[in-house]
2 protein chains.
Amino acid sequence: MHSEVVASRSAEQRDSRESRNGTPHLDAVSLAIIEQLQEDGRRPYAAIGKAVGLSEAAVRQRVQKLLDQGVMQIVAVTDPLTVGFRRQAMVGVNVEGDVESIAEALTDMSEVEYVVMTAGSFDILAEIVCEDDDHLLDVINKRIRALPGVRSTESFVYLKLKKQTYMWGTR
Amino acid sequence: MHSEVVASRSAEQRDSRESRNGTPHLDAVSLAIIEQLQEDGRRPYAAIGKAVGLSEAAVRQRVQKLLDQGVMQIVAVTDPLTVGFRRQAMVGVNVEGDVESIAEALTDMSEVEYVVMTAGSFDILAEIVCEDDDHLLDVINKRIRALPGVRSTESFVYLKLKKQTYMWGTR
DNA sequence: GCGAGATCTGCGGATTCCGCAGTCTTGGCG
DNA sequence: CGCCAAGACTGCGGAATCCGCAGATCTCGC
């Protein structure tokens, strides 16, 4: 343990440029903070500070900013299938016309918890969480396929979740 | 606000049965606690207690238990594409023979952060996070397709993450 | 050279976390 | 039917943490 990321505090720190998609640039210290919180979202600021070489207050300010910017969120995650939602599925969507607007429409549906635009035989992948079969059927057939511009969909009903990690930063 | 889930504290509470897959049964109070932590993973125990009608200590014990049991995890989540990982993809896998063992093998790969067994034209869906194209190519062609029992794969490279929520409990 | 803006540090004071002892309820068993 | 063990909740203090704020530092641009 005790990785000690030394803050080079000069060129790197001040770098507040934004990349093309509007997401802020992250320096090594912020990445290290995120890494700490990927291991344990409730880790005290002081402990994080010791690990990344910053004061408690500085860590607190950075974390707050990362949350405000939407770069990261600290939340409880579960397997929906173990928490009362009995049907979950990934839906591949093919679109004609504006992909972005369809993605937007999917984003607005509360049953859809994950939307990503992809390259490949689907234009969009969307993960759906439902109460039961009827609900799932309704969302896919009545709501998604009804969107103007949706050419076709293909569904993959979840049988069992095997892995769900967020610690890519720590490998 | 202030939903006040009254603990019926009799039949419901004591229910420690396990469902078929080994995951413990969750009562209404635990679900309410999870819901609180889905909104904010750092919310103080006292505040959660007020919302669900329990003492601070009781909430703390329940949360600890949920974490120990693996029912939920409190972590920071980000969009990998904004945090230095330049290639991400969903891979659909078709298997001949034992699906479970292939899923297990995928689970053991550090680049794979999400594995789910499905019904549909794929047996398994796996989400991959990589540094760059070479890395992604290596994982898919050299590692996944090399697994004995993998009949075929299809990849969907991520272009843009549009939505990522964990608040299904609060809709 | 100098001011604006952003970040970091170093404080208290309020709040929260944490362990523990005691109470209450349930379920098993002789 | 009585008793005991297990599990869950409450209340309570002491330690640790969170939080806001003032001041110091650094960078950048004019």
Side-chain angles (χ1 to χ4, degrees), chain A residues 1-2 4-19 22-34 36-37 39-76, chain B residues 4-19 22-34 36-37 39-76:
Chain A
M1 298 306 125
H2 224 299
E4 273 298 342
V5 176
V6 178
S8 60
R9 193 65 53 73
S10 45
E12 184 125 42
Q13 196 66 270
R14 206 92 291 333
D15 196 344
S16 289
R17 286 171 308 186
E18 297 199 356
S19 45
T23 50
H25 180 259
L26 299 179
D27 62 25
V29 180
S30 288
L31 286 178
I33 291 174
I34 292 175
Q36 293 286 319
L37 290 170
E39 291 180 19
D40 175 6
R42 273 182 169 261
R43 184 162 298 168
Y45 295 129
I48 298 173
K50 194 169 299 183
V52 307
L54 235 53
S55 70
E56 181 265 352
V59 172
R60 178 154 37 89
Q61 289 162 18
R62 285 211 185 214
V63 169
Q64 191 54 53
K65 192 166 156 189
L66 290 171
L67 295 174
D68 290 343
Q69 289 174 149
V71 174
M72 130 186 119
Q73 37 183 335
I74 300 177
V75 293
Chain B
E4 273 298 343
V5 176
V6 179
S8 62
R9 190 66 52 74
S10 45
E12 185 125 42
Q13 196 67 268
R14 259 292 99 279
D15 196 344
S16 288
R17 287 171 306 186
E18 297 197 357
S19 45
T23 50
H25 179 258
L26 299 179
D27 62 26
V29 179
S30 288
L31 287 178
I33 291 174
I34 292 175
Q36 292 286 317
L37 290 170
E39 291 180 18
D40 176 6
R42 273 181 170 264
R43 184 162 296 169
Y45 295 129
I48 299 173
K50 194 169 300 184
V52 306
L54 235 55
S55 70
E56 180 267 351
V59 172
R60 178 155 37 89
Q61 290 162 18
R62 285 214 186 211
V63 168
Q64 191 54 53
K65 192 165 156 190
L66 290 171
L67 295 173
D68 290 342
Q69 288 173 152
V71 174
M72 110 186 141
Q73 38 184 333
I74 300 177
V75 294

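Each chain gets a letter, A, B and so on, in the order its sequence line appears, and its residues count up from 1.
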| request: Could you state the atom-to-atom distance from CG of A/L37 to C1' of D/dC18 in whole Å? | output: 15 Å
| remark: Looking only at C/dC17, D/dG11, C/dT9, the nucleotide nearest the A/A57 side chain is C/dT9
| field | For the student: nearest non-hydrogen atoms of B/L54 and B/V29, plus distance | value | CD2-CG1, 3.9 Å
| said: As a test of reading the structure: which of C/dC18, C/dG10, D/dC9 is closest to the side chain of B/E56, going by heavy atoms? | reply: C/dC18
| For the pair made of CZ in B/R60 and P in D/dA16, what is the distance, rounded to whole Å? | 15 Å
| task | Mark yes or no for whether B/R42, through its side chain, and A/R43, through its backbone, hold a donor-acceptor pair below 3.5 Å. | result | yes
| task | Can you figure out which of D/dC9, C/dT16, C/dT9 approaches the side chain of B/L54 most closely? | result | D/dC9
| d(CD1, B/I48; C1', D/dT10) in whole Å | 17 Å
| Quick one: on DNA chain D, does A/Q61 or A/A46 contact a more 5' nucleotide (nearest heavy atom)? | A/A46
| said: Distance check needed: D/dA8 P versus B/I33 CD1, whole Å only. | reply: 12 Å
| In whole angstrom, what separates A/Y45's OH from C/dC11's P? | 21 Å
| remark: Against the side chain of B/R62, the closest entry in D/dC9, D/dC19, D/dA8 is D/dC9
| Euclidean distance, atom CG of residue B/D27 to atom C1' of C/dT26 [Å, nearest integer] | 15 Å
| field | d(CG, A/D68; P, C/dA6) in whole Å | value | 14 Å
| query | Considering all heavy atoms of both residues, which atom of A/S30 and which atom of A/R62 are nearest to each other, and what is their separation? | reply | OG-NH1, 2.8 Å
| task | Provide, to the nearest angstrom, the distance between the NZ atom belonging to A/K65 and the C1' atom belonging to C/dG5. | result | 11 Å
| Looking just at side-chain N and O atoms, do B/D40 and B/Q36 make a donor-acceptor pair shorter than 3.5 Å? | no
